[in-house]
Amino acid sequence: MIADQRLLLAEAGDKCVLKVLPDNYLLELDVGLPCYFQRMEGMLLIESFPEFSVDRIFAVIGTSLNEETRNSFGLDPSIVCAEKAQGIIIDRGQLVAVDQVADGGVWCRDEGVDRKRYWEFAESFRD
């Protein structure tokens, strides 16, 4: 739950979509499938960047890593990781997907991520 809204990730064809309940609003994302919320210690990882007027931002990750990348990072097969991420900002009560998609990195669902990665999304949103 964020801002009294329940958020779900779903597949719509070959796209990842963020579904907002109870109003069934769909936000199409550019991260690929399968997709997941970026978490830390089992909780949705949310950051704030007042310098960009961003009260809350979180990330959705998607597009599974290939075996070569998994092996080069020494990732256990049980760890869920992706190669793309997209920031989602809550702006004046509305969910907005930032245009910038982080592509080619390693984003592991339950491992958290350096705050600077979220900062990059927030900065691109305000440019």
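Below, all heavy atoms of this structure are taken into account, side chains as well, without hydrogens, waters or symmetry copies.
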Within 6.0 angstrom of Asn71 CG, more than 12 heavy atoms from elsewhere: yes
For a quick test of reading the model, state the closest non-hydrogen atom pair linking Ala59 to Phe121 and the distance between them. CB-CE1, 4.4 Å
Is a donor on one side and an acceptor on the other found under 3.5 Å between the side chain of Asn66 and the backbone of Thr69? yes
Applying side chain to side chain contact (heavy atoms under 4.5 Å, CB included) to Asp76 and not counting sequence neighbours gives Ser78, Ile79
Backbone of Val98 reached by a side-chain donor or acceptor of Gln86 within 3.5 Å: yes
Between the side chain of Gln38 and the main-chain N/O of Cys108, is any donor-acceptor distance below 3.5 Å? yes
For Ile89, run the side-chain contact (heavy atoms from CB on, under 4.5 Å) check against Val54, Asp55, Leu95 and tell me which one passes. Val54
Who pairs with Glu111 by salt bridge (Lys or Arg N to Asp or Glu O under 4.0 Å), at least two apart in sequence or on another chain? none
With rounding to the nearest 0.5 angstrom, report the CD1 to CZ distance, Ile61 to Arg109. 7.5 Å
Do Tyr36 and Trp107 make the cut of ring centroids closer than 6.0 angstrom? no
Short question: side chain of Ser124, backbone of Gln100 - any donor-acceptor pair under 3.5 Å? no
Joint hydrophobic cluster, Phe73 plus Val80, side-chain heavy atoms closer than 4.5 Å: no
Could you report the tightest heavy-atom contact between Cys35 and Ala10, atom names first, then the distance? SG-O, 4.5 Å
Verify the cluster assignment for Ile57 and Val96: are they in a single hydrophobic cluster under the rule of side-chain heavy atoms below 4.5 Å apart? yes
Hey, what do you get for CD (Glu67) to CG (Leu75), rounding to the nearest 0.5 Å? 10.0 Å
Hydrophobic clusters here meaning ILVMFWY residues chained together by side-chain heavy-atom distances under 4.5 Å, can you tell me if Leu9 and Leu26 are in one? no
Is the backbone N or O of Leu45 less than 3.5 Å from a side-chain atom of Tyr118, with the two atoms forming a donor-acceptor pair by type? yes
Quick one: which of Val31, Leu33, Asp30 gives a side-chain contact (heavy atoms from CB on, under 4.5 Å) with Lys15? Asp30
Are Val17 and Leu21 connected in a single hydrophobic cluster, I mean Ile/Leu/Val/Met/Phe/Trp/Tyr linked by side-chain heavy atoms less than 4.5 Å apart? no
In Å, rounded to the nearest 0.5 Å, how long is the span from CD1 of Ile90 to CZ of Arg56? 4.0 Å
Hey, what do you get for CG (Leu65) to NZ (Lys84), rounding to the nearest 0.5 Å? 12.0 Å
Rounded to the nearest 0.5 angstrom, the CZ-SG distance for Arg70 and Cys81 is 5.0 Å
If you look at every heavy atom in Ala122 and Phe49, which pair is closest and at what distance? CB-CD1, 3.8 Å
About how many Å separate CH2 of Trp119 and CZ of Phe52, when rounded to the nearest 0.5 Å? 4.5 Å
For Ser64 against Pro34, the heavy-atom pair lying closest together: OG-CD, 3.3 Å
Could you state whether Ile46 and Leu27 fall into the same hydrophobic cluster, counting links through intermediate Ile, Leu, Val, Met, Phe, Trp or Tyr residues with side-chain heavy atoms under 4.5 angstrom apart? yes
Check this for me: Glu51, atom CD, are more than 12 non-hydrogen atoms of other residues, nucleotides or ligands nearer than 6.0 Å? yes
Between Met40 and Gly112, what is the shortest heavy-atom contact and its length? SD-CA, 3.4 Å
